[in-house]
Amino acid sequence: MSEPAAPAVLEGFPAAEGIAKGTVRRIVWSIPEVAHTVVRARSVDRELERFRAALNDARRQLETLKSETEARLGLVEARIFDPQILMLDDPDVVEGTEGYIAENHLAAARAFDWRMLELKERWSRTSHPMVLDRLNDLADLKLRVLSRLLALPEPWELGPASGVVAVARDLTPSFVATLDTDRVVALATDEGTRTSHWAILARSLQIPAVAGLNGVSSRAKDGQVMVVDGRSGRVVIDPDAREAERFELRRSAILGWSREIAAIAREDAVTLDRTRVVLRANLDLPGEAARALEHGADGVGLFRTEFLVVGRNRAPEEEEQYRAYRSVAETFADHPVLIRTFDLGGDKFPVFLRAPAEENPLLGRRGVRVFPDETALFLTQLRAILRASAHGDVRIMVPLVNTAEEIVSVRRLLRTARDQLRREGVPFSEQVELGAMIETPAAALQARQLAEQADFLSIGTNDLVQYTLAVDRTSTRLAHLFDELHPAVLRQIAMVADAGRRSGVEVSACGEMAARPLGALLLLGLGVEGLSVAWPSLLEIKRLIRRCRMSAVRAAASAALSAPAGCNVRQGLRESLGDLTSPP
Ligand code: PEP
Ligand code: MG
């Protein structure tokens with residue numbers, strides 16, 4: 001008898017928390033080739049009508065999808081469909097297609113297909129990764145309209161099966177928003193990242209998902225068993241007995257924590273030798289605040305605000321922002337809420353701003369560097385945050401800072417916002433703190449100088465690792481080189497913690513490293529006072545803190561600083577901290 005094949009293990013980006021095992025169902029939604037069909041002159045009007053009817057149908061479907069998503073998940077999630085709805089009125093889409101029908105006598109389907117190809121070609125020419133979501137919307141809309149014009153079968157049909165792991169090259173927001181979560185247990189894709197629109201919806205629906213798996217849709221076959229770990233980003237095809245056991249252990253640990261939510265949430269994040277750790281939550285959407293509170297967060301350590309701009313065709317009004325910030329501040333009435341100003345650029349750029357094509361977007365106009373060019377956008381945001389400060393301990397955090405001067409200029413804009421609100425008689429707190437994220441080696445090396453200008457520092461390890469090691473954080477091919485435990489990263493973290501201690505400013509960490517046991521222990525051992533993690537990781541990290549001894553963690557971290565490489569750090573920590581370091 002031949003040996004059973006070894007399980008295939010793939011690593012991608014953790015896109016939505018949770019772990020599940022199910023049966024693979026591959027979803028192929030490539031759009032079929034549309035035949036080049038020309039119609040007679042007298043049929044042109046009929047083709048134009050067919051095209052308009054298809055657009056109207058698409059609009060009705062999208063509006064229904066939007067309102068159903070609002071009822072199911074909330075307004076923020078529902079707005080994910082806005083870009084597609086707006087595309088239906090975009091002259092580039094509509095007039096472009098009508099031109100091909102009226103002037104070239106192309107059949108409606110061919111004219112639309114052709115126009116969408118042109119737009120795809122044009123949009124993909126900019127190297128901006130933000131374009132990816134736009135292209136994904138374009139493909140979703142194209143399929144929707146062509147399905148009507150060509151009477152295509154529903155590509156998303158999953159059949160009657162349950163326990164399905166949906167595997168695809170990429171997914172769309174409309175597919176995920178309408179998923180039956182009783183039947184689909186997990187998602188796994190070749191493309192996409194944590195910020196893809198469909199991934200945001202998967203998180204809201206609490207379906208475990210891993211994106212950016214590079215080839216999972218060709219490796220996995222229908223009917224195979226697959227384990228999807230949305231926390232670690234690990235997927236196992238055809239798990240053997242060892243992997244199946246590992247899955248069961250991890251699943252029961254996570255289940256166990258969820259049964260203990262209420263009890264653990266009430267406990268303090270304090271080590272065995274009585275060191276108190278500030279454990280806060282990262283939020284991508286305001287709706288997550290209630291969950292974070294329920295899971296015992298000591299406030300919000302990173303409130304990402306890009307949901308207000310990404311995928312939108314217009315800048316968000318001050319009022320809408322104020323309501324979003326205020327709702328989180330009110331949820332955490334007794335705790336700080338660190339709101340990060342829009343971190344635009346890199347993989348996120350709203351369509352309503354002119355985004356210059358850049359050879360290296362991650363090294364381009366990003367984070368605080370966008371402030372000088374978009375003063376009105378940021379002034380409105382600062383006003384909205386200040387207004388929310390009347391309802392809680394709201395603090396402001398600025399991304400991708402490199403110099404003290406950048407903090408000074410944000411402070412200047414903050415002063416303008418304050419002056420305006422004061423003149424208008426709008427209430428706000430005078431005590432709002434302004435902090436800097438440490439996300440580049442320049443910031444880490446200058447932490448002392450930054451600490452003189454900032455009220456607090458927060459280490460964004462995702463970017464700090466990316467810029468220290470020169471490894472694109474969104475590249476699945478380079479994922480094995482993206483090492484948070486690289487001693488060069490650890491030394492910078494130690495420097496920042498030291499600078500904060502000497503200057504009397506709080507230093508916390510809010511990247512993914514803080515949500516992983518080894519990373520969390522190292523951060524604490526290197527002197528970071530607070531950790532901020534996505535709400536599903538709060539219980540695990542709090543339990544870890546409560547089981548560790550700070551003296552041992554400090555000794556292990558100090559040894560890690562002189563290790564030659566990340567693998568030695570890992571091994572050293574396992575040897576010195578034993579049990580604490582083995583994830584369930
Ligand atoms: C980080 O860079 O670690 C961080 C928390 O910010 P983001 O992941 O949003 O870039
Ligand atoms: Mg960052």
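Both counts, for ligands and for their atoms, begin at 1 and track the order of listing.
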Classify the side-chain pair [X]/[Y] by whether it contains a donor and acceptor separated by less than 3.5 Å.
{"X": "T189", "Y": "D170", "result": "no"}
{"X": "Q466", "Y": "D463", "result": "yes"}
{"X": "E330", "Y": "Y325", "result": "no"}

At a 4.0 Å threshold, what atoms of ligand 1 neighbour a non-hydrogen atom of [X]?
{"X": "D463", "answer": "1 (C), 2 (O), 3 (O), 10 (O)"}
{"X": "C510", "answer": "5 (C)"}
{"X": "G460", "answer": "1 (C), 2 (O), 3 (O)"}

For ligand 1, note which part of [X] has a heavy atom under 4.0 Å away: side chain, backbone, both or neither.
{"X": "R473", "result": "side chain"}
{"X": "E512", "result": "neither"}
{"X": "L302", "result": "side chain"}

Legend entry - Aromatic ring pairing F303/F307, orientation class (parallel under 30°, perpendicular over 60°, tilted between): parallel
Inset, instruction - Please determine if R387 forms a cation-pi arrangement with Y322, meaning its NZ or CZ atom is less than 6.0 Å from the six-membered ring centre and no more than 45° off the ring axis. - result: yes
Inset, instruction - Give a yes or no answer on whether the side chain of T380 reaches the backbone of A376 with a donor-acceptor pair at less than 3.5 Å. - result: yes
Legend entry - 4.0 Å heavy-atom contact, E306 with ligand 1: no
Inset, instruction - Considering just N/O/S atoms, say which atom of D463 is closest to the Mg ion (ligand 2). - result: OD2
Inset, instruction - Output the atom name for the N/O/S atom of E439 with the smallest distance to the Mg ion (ligand 2). - result: OE2
Legend entry - Pairs flagged by side-chain hydrogen bond (donor to acceptor under 3.5 Å, both in side chains) wherever residues 512-532 is involved - sequence neighbours left out: N282-S532, E484-R516
